[in-house]
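We name chains A, B, ... by the order of the sequence lines, and we start the count at 1 in each one.
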Protein chains: 2
Amino acid sequence: MLDKALSAIETRGYWSPFAEMPSPKVYGETASADGEAAFKAHLGKTFELDQPSTGETVGAERSPFGVALDIKYPKADSDALIQASIQAQKQWRAAGPQAWVGVSLEILSRLNRASFEIGYSVMHTTGQAFMMAFQAGGPHAQDRALEAVVYAWDQLRRIPAEAHWEKPQGKNPPLAMQKRYSIVPRGAGLVLGCCTFPTWNGYPGLFADLATGNTVIVKPHPGAILPLAITVRIARDVLREAGFDPNVVTLLATEPNDGPFVQQLAVRSEIKLIDFTGSTQNGTWLERNAHQAQVFTEKAGVNQIVIDSVDDMKAAARNIAFSLALYSGQMCTAPQNIYVPRDGIRTPDGQLTFDEVAKALAGAVEKLTSDAARAVELTGAIQNEGIVARIAAARALGDVLLDSQTLTHPAFPEARVHTPLLLKLDARDHETTFTREWFGPIAFVIATDSTTQSLDLAGSIAQEHGALTLSVYSTDDAAIDAAHEAAIRGGVALSINLTGGVFVNQSAAFSDFHGTGANPAANAALADAAFVANRFRVVQSRVHVAPKAAPAEAGQTA
Amino acid sequence: MLDKALSAIETRGYWSPFAEMPSPKVYGETASADGEAAFKAHLGKTFELDQPSTGETVGAERSPFGVALDIKYPKADSDALIQASIQAQKQWRAAGPQAWVGVSLEILSRLNRASFEIGYSVMHTTGQAFMMAFQAGGPHAQDRALEAVVYAWDQLRRIPAEAHWEKPQGKNPPLAMQKRYSIVPRGAGLVLGCCTFPTWNGYPGLFADLATGNTVIVKPHPGAILPLAITVRIARDVLREAGFDPNVVTLLATEPNDGPFVQQLAVRSEIKLIDFTGSTQNGTWLERNAHQAQVFTEKAGVNQIVIDSVDDMKAAARNIAFSLALYSGQMCTAPQNIYVPRDGIRTPDGQLTFDEVAKALAGAVEKLTSDAARAVELTGAIQNEGIVARIAAARALGDVLLDSQTLTHPAFPEARVHTPLLLKLDARDHETTFTREWFGPIAFVIATDSTTQSLDLAGSIAQEHGALTLSVYSTDDAAIDAAHEAAIRGGVALSINLTGGVFVNQSAAFSDFHGTGANPAANAALADAAFVANRFRVVQSRVHVAPKAAPAEAGQTA
């Protein structure tokens, strides 16, 4: 698996070791039912975890689908958890790269077997429909984790354990030294999870830390603890079985509004690595205050689509509508701003006016979301009330092209389901509106002077306000070239003419870099060499040994 | 050269492409005389550089050897220089990794040919004796530069320019995409040089930036401009000849006390990379304020020697004395604290008391520095008056084991030559004295309760106050193991029982990591993957293409 993964990150073609379809053939005939039962067994219980605890419990997760969760987690004192993490370090560090990577791979293969249980737990904390919760929360998150592990291994394996250094000294015997290079992990890592993709966004930091020999404290978002609690328990089982102190990985479950608590923890001198997914405000605070740590952040961004010209408006609209509806725009990669020239666009069937393009987009979203039973499998539910309030506030921002509807979920009558809101804005009047992120099912069709202006906005907004995705539709090579330039300026991944089965929100491990680290939406990419290379350091020693060669010029300063 | 360098960083044996001996056979019969003449031709002149300038000149370098320099440099407005740097970026970026690396290698080979001119210029700005100025300022600095280039290449070459991605879709045709990966350099780098090793410490950042496609503004320390001015001119010549805008590399020469000016420059939004060598105060300021940039710093540290037991006290003392005298302790790697158990140490000839060890060290330094003509070739001169004042202030810190002497340089009667000051301290009483850096020819022999305490101090001081080197003398395997643990705790490179021709101050490119990035003395190592991997980012694009394979399972979220 490691060899294939090494090859995958260098060739970057399609590769995935973890089957994304929740198929009984792959996962076993009873896997789905067993996973659902395992999930249900957590409800109304205290999650068992044999780690340092105050004896109290915490937990206030609420299912966006309206299912009562009432799960409690052991409360941990952060001092005690840090102490346990430090305590676990010496033995874990001494085990070395092969053990770190081996244990990481074993954890991943067990997480894969728990994909249904994790899928249901992701579904009922994030609001994702089951299929996405299974895939993004299970195998795709495992892919991203493996990607972090293999990037770590790719860097670790380049550092020799030892070297014989022999420097000629002219007619005198050479100087000879034996050198030893010890990989020294940074220490304790802190993974700060988010409430929409707790595993997909949490695993890269967790596994990058583990595979480079660090210990990890996992602090889930208070709204999505269960998927990471299951993950931590599995990790601890594997560590224990392999003879390590399970406190190499610990869980720090908290109540809502844990901001001040997290800030205190994040600047502790023992915390050497922080991986964060969440708001720009919190991420920037960490970058500027947690000086003692290497800080990796994924924050807010403004994802954009530039429509210049199309071969097939229907196919383009269908693809875009899917991206807008998928998990109700609650993906960090979901598009928000759709730029269309005020004078309309070219198609093989002649010019389409701005309003016709806007109508095609609104119509495609409407079509996708008109049947509640089918729609909810795409939109899932809204993770929290703040997003619902944002939809209401956004209605006043411009002309409503398509209003957000409340849908009744056939299986979960209490589910918080809202379809996308589509507004019409003008680049001339509304720049302060669309240069910020409106997280949730909110998108703007924005009239511009020209594709040149659209691309200029796309590049500059990505550069200044951040973006994870940019999408362009054009039949004109010059416009595509200009879109490449805008993407480079904005430091953002570009998708070109998506009209089929690939959507701009999708980012495939081993092939697509998720985030670039080159604009404010993220200070790192998932995953690359920079994501792992500073999670460990090398401490060397050298001692004289007998030369192997005969004598040949010497110097004074090495 | 690149292939050999790639192999060298992975095997880490001895390798150097640039001859360290100033031999006529390698560098040419007239190289030394030509280099000296080239250096002398700069004196009393304005250094010519065809880059944006205000028309005024700056420059106030003074030779520690007392030679009148009176060199002026074109003054540059920082706005104009940043503008020129930005202007040069687009074409330089588009040239791609092979061009960046090729141009870097050509600059290096020309710098090598200028080693004598650079050697003399390093000598007369830093105070290094000629042999060190030639080696450390010339070939060894070039080695470190090449090391940064090859680390950059090693990372760049792993990113494919493009990929065919093809995902099976069961019975449907596969999804196929063509992906393009563009290396996008960060932008403009700023290299902030130091006054003791302007090229050796300046080149890694300069060449890491260049080899990853960035443009670079080189701001030398006001006390050591000439070596970097010559470097910048050579780089510009190569860039121009290769068809690039020479403003890819520019020089920003300043007057003394340029601190506030540098701070303003360092937080400019256009400056994306900063490489700094200098004081902890300035380095920490950059780390905490230049949020828009990737910041690489080498700052102050407390280098330490632990003497537990020896096979040959004379040989150990001779080796340590050389390290203390070499360039008058003005190397960032020079030892300062020498711990010796209060009860003395074991030798094959019986126990030596603390005072006997201290006397052996003082005697060895005295012997090395007693003959002025020979001593000055080792000590060089003191770079600035601040260091001379520090020697005077240090005399009051403890009992003087060996006083610092003023020597008259036979060739340069005005040279500022001071031999090492050796003081006796006690770990019980003087901890606030020896936990900070006393930069210059100042060292402490410190009485401890035991080797255990010595190693504990060494580890904790490195961890808390920073260190680039740690050295241990012991004939006991358990003590050596404990020294390894202290080195790991302190994140500092360890040398063991140096009694021959290798000195703790020496750090060999391609084999020794200079700095670890794991303690406060440096936030990066020279050089490793982490030193280069975040100097560029990858921006990708993807577009549908025809599948190559026949149909096979599909999913929703990549």
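Ranked by non-hydrogen atom pairs under 4.5 Å with chain B, the options Arg288(A), Gln155(A), Lys90(A) are led by Arg288(A). Residue with the most contacts toward chain A among Val502(B), Val184(B), Asn497(B): Val502(B) (heavy-atom pairs, distance under 4.5 Å). Taking Leu175(B), Thr11(B), Ile480(B) one by one and counting their heavy-atom pairs under 4.5 Å with chain A, the maximum is reached by Leu175(B). Between chain B and the residues His291(A), Glu10(A), Glu162(A), Met177(A), the largest count of heavy-atom pairs under 4.5 Å involves His291(A). Heavy-atom pairs under 4.5 Å with chain B peak, among Ala176(A), Ala493(A), Pro520(A), at Ala493(A). Among Glu485(A), Arg535(A), Arg157(A), Glu287(A), the residue with the largest count of heavy-atom pairs under 4.5 Å with chain B is Glu485(A). With chain B as partner, the option from Ala487(A), Ala525(A), Pro160(A) having the largest number of non-hydrogen pairs under 4.5 angstrom is Pro160(A). Heavy-atom pairs under 4.5 Å with chain A were tallied for Ile159(B), Val532(B), Asp154(B); the largest tally goes to Asp154(B).
Within the 4.5 angstrom heavy-atom criterion, no atom of Asn289(B) approaches chain A. Proximity to chain A is limited to the backbone of His164(B), based on heavy atoms less than 4.5 angstrom apart. Residue Phe134(B) does not touch chain A at all, counting heavy-atom pairs closer than 4.5 Å. Contact of Leu470(B) with chain A is not made at all, since no heavy-atom distance falls under 4.5 Å. Residue Lys272(A) does not touch chain B at all, counting heavy-atom pairs closer than 4.5 Å. Heavy atoms closer than 4.5 Å to chain A are found in both the backbone and the side chain of Ile488(B). Only the backbone of Val492(A) comes within less than 4.5 Å of a heavy atom of chain B; no side-chain atom from C-beta onward does. Within the 4.5 angstrom heavy-atom criterion, atoms from both the backbone and the side chain of Gln540(B) approach chain A.
For the atom pair CE (Met331(B)) and CD (Gln128(B)), the distance works out to 7.5 Å, reported to the nearest 0.5 Å. Between Leu494(B) atom CG and Lys179(A) atom NZ the span is 12.5 Å, to the nearest 0.5 Å.
Geometrically, Arg158(B) does not engage Tyr151(A) in a cation-pi contact, judged by NZ or CZ lying under 6.0 Å from the ring centre and within 45° of the ring axis. Taking the centre and axis of the six-membered ring of Phe536(A), the NZ or CZ atom of Arg186(A) falls outside the cone set by 45° and 6.0 Å.
Listed by chain and residue number, Trp15(B) satisfy the ring-ring contact (aromatic ring centres under 6.0 Å, His included) test with Phe510(B) (two or more places apart in sequence, or in another chain). With sequence neighbours excluded, the residues satisfying ring-ring contact (aromatic ring centres under 6.0 Å, His included) with Tyr327(A) are Phe197(A).
A ring-centre distance under 6.0 Å is found for Trp200(A) and His514(A). Taking the six-membered ring for Trp, Phe296(A) and Phe531(A) have ring centres closer than 6.0 Å.
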message = salt bridge (charged side-chain N to carboxylate O under 4.0 Å, His left out), that's the test. Do Asp512(B) and Arg12(B) meet it? Break it down for me.
response = CA-CA 8 Å; Asp512(B) 294 321; Arg12(B) 305 200 80 81; over 6 Å; no
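A donor-acceptor contact closer than 3.5 angstrom links the side chains of Ser495(B) and Arg542(A).
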